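Have a look at the structure below before the remarks.
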Amino acid sequence: MDLLIPDNWLKEYLKTSATPKKIAEALSLHGPSVERVNQTKFGTVYAIEVTSNRVDTVGVYGIAREAAAILPRMGIKASLKPLPDTKVSFTKRVDYLTVSVDHKLCPRFAAILIKNVKIAQSPKWMCERIEAVGLRPINNIVDISNYIMHEIGQPVHTFDYDKIAKHTMILRASKKGEILTTLDEKSHTLPGGDIIIEDGDGRIIDLAGIMGGLNSAVDTQTKNVLLFVQTYDPVSIRRTSMTLAHKTEASILFEKGLDTNLVTEGIKRGIELFTKITQGQVDAHALDLYPNPPKEKTVSTNLDFIERGLGVSLTSTQVSQFLTPLGFTLTWNKRNFQVKVPSWRNKDISLPEDILEEIARVYGYYKLPSILMSGDIPEAIPDSPFKFENEIKLTLKSLGAYEIYTNSLVSEKKTGVSSLKLKNPLGKDGEYLRTTLRPSLIEAVKTNSFEKEPFHLFEMANVYLPRRGDLPDEKMTLAGIFANTDYREAKGIIETLLDSLHSKYFFETEDSQFFKPSHRLKIISGQVVLGQFGQIENTNYIYYEFYLMALNKAASHVGVFTPIPQYPPQIEDITITFPERTVIGGVIKLLEEQTFITKVELRDIYNDSYTFRINYQNPSKTLTDPEVEKIRKNLLKLVQDKFGGTCA
Amino acid sequence: MQENIQNAKNEALAQIMEAKGATEIEEIRVAYLGRNGKINELLKNIKDVPPEERKMFGISINESKNTITNALAEKKNSFKENAREWFDPTIPGIKPKIGHLHLITQAIDEIARTFENIGFVRARYPEVEWDFFAFEALNMPPSHAARDEWETFFVDSPKNPKYGQAVLTPHTSNGQVREMLRVKTPPIRMVNISKCYRRQADVSHVPMFHQFEGLVIDHDISIIHLKGTLDYFARSFFGPKRVTRLRPYHFQFTEPSFEVDISCGVCSGKGCKFCKEGWVELGGAGMVHPNVLKYGKIDPTKYSGFAFGWGVERTYLMKEGLNIPDIRLLYSSDLRYLKQF
């Protein structure tokens, strides 16, 4: 929550000689964060960010209390001045209002009648403060309400007393479909369960805790005002405000859960300001329905726990000095102590850890030493995939590939049939969790259609394969795409990648959806399909993808040791002419299977003629020319028989 | 014998001095330093040298070789262009293509390495996560207002009776309780780096981004160890002079909670337009809430710990001082951007 606190207003409750700069620094280091110190025409104004658990600091008085506790830690004297005390008599029944309240929705309900108010402009000092906190002065009635809210953090509301039919109020949960118009002239159809107030004629006159009803609003003709200060159930307020998408300063405060004691202060401040500024006559009795005041809370802890958490030692005197100005009361028994929690911290303090936090922040986190922990080092996670993933990325980079990151959230068009759908996507392009990277990569390659040179993009990311009754299988996938690239060059890069993993694999031709017919290979290791490679249909793009887990299993991370052969190979190039439509991969496989052939490499292609470089090698002796001759003859015969290849 | 060596050397030097071109120089080299050249011929005589003189003999041979080699080189270099062997070293090389790893990969690597150096184990927990691990076990029961800050995406699938709705994890903190349940008995030092998702898209937010989460649990872990770890990270990752500072903050799953600042690298902490009084905000941290430890089946009376979770992209951009006007550019596939980082 962001708030603006004028320095001169703060100083009404904070007695200190600290400069605004020092106050800002102290608050930021020990408490709420001062984002900026603004110099405005109304003087210095602090822009402060308050965390959601500290609704007690939303307001001038709450900030003054923090500053008074913190500044002494920076060596500057400071103290908190109390809110002005106004006499008021609270009773459970008043003659000017008949009420019925559902206390589950409204733990404390207070109101007081102020007669014969003179509606006018607020005095200059009030207008300036209202403007300094970012609001527009309206008239004295509205301004007083806003003033009290910004001073103590308690929303207050004013009704035109004479518009409340039969001077009767029923505070209850709304029924679904009930309709009300709020003072901003917006009409709301209620979802049901919202806190509303109905008057004696059954009209809904207030969307409680969020905004008053138009039909009961104060206007320029208003004579008698009902000042209204309550505490509401935070959960109901939040639900209504969210469902109606109607957030107000009041609802933001109420949904955080307010201190019920603030109601007393709200009424007192109201009485004082209405008397002074509107010359209204305040009734002698304020209505106050407060059947179950919360119990006082205490937290027990000890100095050892505090010291262990902080990492430094403290004395009981120090601890008391830190906590007392924040409103805590301490009772010591040697190193144990009991902390009585002030009402305004009732919601956020309940554990010894919460006390530790209070002590630590007042002490100053920045003053604590900084030491790396000693102790045992944990065991590594077995089969951690990260090193393998990195190796692959680095190899691809050395082979000229560019890595990209694309969104896992894709449109319906870019994912498979059974993909997980989001309930609340940001838009149609991000409705599904992708089950394949292919469409994302095709889109990425198209982004670069200006590029006429060959290029290669890749991504390593999870795909999300749904599983019944469970979270999806998040499969780490490597996928890449080549543009303007020759088929053999692209395939060579993938072969080099696979070779670098020392994996044993082979290709198998198999058509599949999305690939041009006869242009797709499966890559297989043992019985396991590692991935696929091929040309995307209706494009010149060559695409590949692998599941990392399968690839990792197929890789042997250390090469296998084989002694260097003692006898050198005989190497020769042979050119063979094949009929059309010969599968050269099959020819090479056949050649490689023959005894004493250790390597076969395709060196050149010219029309239908293919030049192979063949290594002949016997591990136990040097092959003689006649022996090689014999092997070669045998080879050529095989090639002739199986593939019709002829050697010139 | 020594004399013969001297003579051969002088002879060679004289010839080198007279030489007129590269070819002649090469002939001289072969005549003296070649396999059957004069120096090698002399060396063959070593067997006739008395053993006590052999060392001296060897030194002289080597010295002559070096002198001749140097003289040859010097002479070669003294020739005018046209008398030299022609070679153009300015011709461009044939460059094999090198690719590029994405900025985020570089960042993740560096962050992981930094923490691995102080004994952290790298983990990666689900991106599609149960509400239980993303919120409930982090001390945010259903309908808790604090959940609003996470702008969560929900998956359209049936609820799990035990773990609730499937969501896209809005932070890497979902790994906290998962890691506790995996390890069972501390010590825990984990860095969980993963994709996260939030319903937001503008110049400084992308719906998909990356976070890294540190989690340390052991006996007697206190705020000073969190500070020690963060300062170590700041020095290793951002530079030796950088330090961190903790300020109070609030998260449901840590108590106390902190906002972490790092001293500004531009002004070295003096205060400038890039920072706030010498400090720049890094992200959140805190001491693990006892309720979270309980969800992880770790006894909060025996163990304590700290955690922090920050954006990978943001942290890395801060390190490099990279000024990217729109963070969405990081996720562009345009080669013209990819090549820049």
Side-chain angles (χ1 to χ4, degrees), chain A residues 28-31 33 51-53 235 238 255 308-311 351 353-354 356-357 360-361 365-366 368-373 375-378 380-381 386 393 396-398 400-409 420-424 426 430 433 444 447-448 451 455 457 462 464 471-472 474, chain B residues 97-102 104-105 109 112 118-119 121-123 126-130 143 145-146 153-157 166 183 187-189 195 199 201 207-208 216 218 220-225 227-229 231-232 245-250 255-256 258-259 287 289-290 304 331 333-335 338:
Chain A
S28 292
L29 285 175
H30 296 265
S33 177
T51 52
S52 57
N53 60 326
V235 178
R238 178 160 173 267
E255 70 174 37
R308 242 193 344 265
L310 234 64
L351 300 173
E353 281 77 6
D354 300 324
L356 167 69
E357 176 169 47
R361 74 178 178 95
Y365 298 134
Y366 62 101
L368 291 170
S370 160
I371 296 164
L372 265 179
M373 54 274 171
D376 292 340
I377 303 283
I381 303 184
F386 304 112
K393 287 186 176 185
L396 283 170
K397 173 193 167 184
S398 339
Y402 278 82
E403 188 186 14
I404 57 172
Y405 275 70
T406 60
N407 199 342
S408 313
L409 302 175
L420 286 174
K421 197 178 175 186
L422 297 182
K423 269 187 192 162
N424 56 342
L426 267 176
L433 280 156
T447 311
N448 293 292
E451 181 62 70
F455 65 94
L457 304 176
N462 278 329
Y464 311 84
L471 294 174
E474 295 183 13
Chain B
K97 268 194 284 180
I98 183 99
H100 187 271
L101 292 186
H102 198 276
I104 293 169
T105 294
D109 274 1
I118 48 172
V121 168
R122 181 167 170 201
E127 294 169 36
V128 184
E129 181 58 288
W130 297 121
S143 91
F153 284 114
F154 297 95
V155 178
D156 192 3
S157 62
V183 175
I188 291 174
R189 295 186 192 184
K195 286 194 167 105
R199 282 193 90 244
M208 180 185 87
V216 171
D218 207 343
D220 295 327
I221 293 294
S222 75
I223 303 173
I224 65 175
H225 302 123
K227 289 187 75 173
T229 304
D231 280 337
Y232 171 84
R245 175 178 85 167
L246 303 181
R247 281 183 293 111
Y249 204 67
H250 173 70
E255 186 76 41
F258 316 106
E259 187 79 70
M287 305 306 293
H289 196 286
S304 52
Y331 289 93
S333 301
D334 190 320
L335 282 164
L338 290 172

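The figures here come from the full heavy-atom set of this structure, side chains too, leaving out hydrogens, waters and symmetry mates. Residue numbers begin at 1 in each chain, while the letters A, B, ... track the order of the sequences. What you see is a predicted model; the values in this text were computed from it and never measured.
- A donor-acceptor pair is defined here as one N or O able to donate and one able to accept, closer than 3.5 Å; such a pair exists between the side chain of B:Lys227 and the backbone of A:Tyr365.
- Only the side chain of A:Asn448 comes within less than 4.5 Å of a heavy atom of chain B; its backbone N, CA, C and O stay farther away.
- If you tally non-hydrogen atom pairs under 4.5 Å between each of B:Ala112, B:Ser157, B:Pro290 and chain A, the highest count goes to B:Pro290.
- Minimum interatomic distance between A:Met373 and B:His225 (heavy atoms only, all atoms of both residues): CA-CD2, 3.6 Å.
- Between chain B and the residues A:Leu409, A:Thr406, A:Val235, A:Thr447, the largest count of heavy-atom pairs under 4.5 Å involves A:Leu409.
- Among all heavy-atom pairs drawn from A:Ile381 and B:Arg122, the shortest one is CD1-O, 3.6 Å.
- For a residue to count as touching a neighbouring chain, one of its non-hydrogen atoms must lie under 4.5 Å from one of that chain's; by this rule B:Ala123 touches chain A with backbone and side chain alike.
- Only the side chain of A:Tyr464 comes within less than 4.5 Å of a heavy atom of chain B; its backbone N, CA, C and O stay farther away.
- Contact of B:Glu259 with chain A is not made at all, since no heavy-atom distance falls under 4.5 Å.
- When the candidates B:Arg245, B:Arg189, B:His289 are compared by the number of heavy-atom contacts under 4.5 Å with chain A, B:Arg189 comes out ahead.
- Heavy atoms of A:Ala360 lying under 4.5 Å from chain B belong exclusively to its side chain.
- Ring geometry, B:Tyr331 versus A:Tyr405: the interplanar angle exceeds 60°, so the pair is classed perpendicular (tilted spans 30 to 60°).
- Considering CE of B:Met287 and CD of A:Glu353, their distance stands at 10.0 Å, rounded to 0.5 Å.
- No side-chain heavy atom of A:Leu372 sits under 4.5 Å from any side-chain heavy atom of B:Asp231.
- Distance CG/B:Asp109 to NZ/A:Lys393: 7.0 Å, rounded to 0.5 Å.
- Residue contact with chain B, scored on non-hydrogen atoms closer than 4.5 Å, involves the side chain of A:Leu457 exclusively.
- Rounded to the nearest 0.5 Å, atoms CZ (B:Phe154) and CG (A:Leu422) are 10.5 Å apart.
- Within the 4.5 angstrom heavy-atom criterion, only side-chain atoms of B:Val216, from C-beta onward, approach chain A.
- The two residues A:Lys423 and B:Val155 have their closest heavy-atom pair at CE-O, 3.9 Å.
- Interatomic distance, CZ of A:Arg361 versus CG of B:Leu246, reported as 14.5 Å (0.5 Å rounding).
- Both the backbone and the side chain of A:Arg308 come within contact range of chain B, with heavy atoms under 4.5 Å apart.
- Atom CD1 in A:Ile404 sits 11.5 Å away from atom CD1 in B:Ile104 (nearest 0.5 Å).
- Heavy-atom minimum distance, A:Pro378 versus B:Gly119: CD-O, 3.5 Å.
- For chain A, the nearby parts of B:Arg199 are the backbone and the side chain; heavy atoms of each come within less than 4.5 Å.
- Taking A:Leu368, A:Asn53, A:Ile377 one by one and counting their heavy-atom pairs under 4.5 Å with chain B, the maximum is reached by A:Asn53.
- Side-chain atoms of A:Glu403 never come within 3.5 Å of backbone atoms of B:Leu101 as a donor-acceptor pair (strictly under, hydrogens ignored).
- With a threshold of 4.5 angstrom between heavy atoms, A:Leu351 approaches chain B through side-chain atoms but not through N, CA, C or O.
- Contact detail for A:Asp354 and B:Glu255: the closest heavy-atom pair is OD1-CD, 2.9 Å.
- Options A:Gly31, A:Pro369, A:Ala444 differ in how many heavy-atom pairs under 4.5 Å they form with chain B, and the most are formed by A:Pro369.
- Across A:Ser52, A:Ser28, A:Ala380, the residue that shares the most heavy-atom pairs under 4.5 angstrom with chain B is A:Ser28.
- Proximity to chain A is absent for every atom of B:Ser304, based on heavy atoms less than 4.5 angstrom apart.
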**OP:** Would you please test B:Lys195 and A:Ser408 for side chain to side chain donor-acceptor pair (under 3.5 Å) and show each step?
**Re:** CA-CA 9 Å; B:Lys195 286 194 167 105; A:Ser408 313; 4.6 Å; no

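- Taking every heavy atom of both residues into account, B:Asp218 and A:Gly375 meet most closely at OD2-CA, 4.4 Å.
- To the nearest 0.5 angstrom, A:Ser33 atom OG is 4.0 Å from B:Arg247 atom CZ.
- Comparing A:Gly430, A:Ser398, A:Gly309, A:Pro472 by heavy-atom pairs within less than 4.5 Å of chain B, the highest count is held by A:Gly309.
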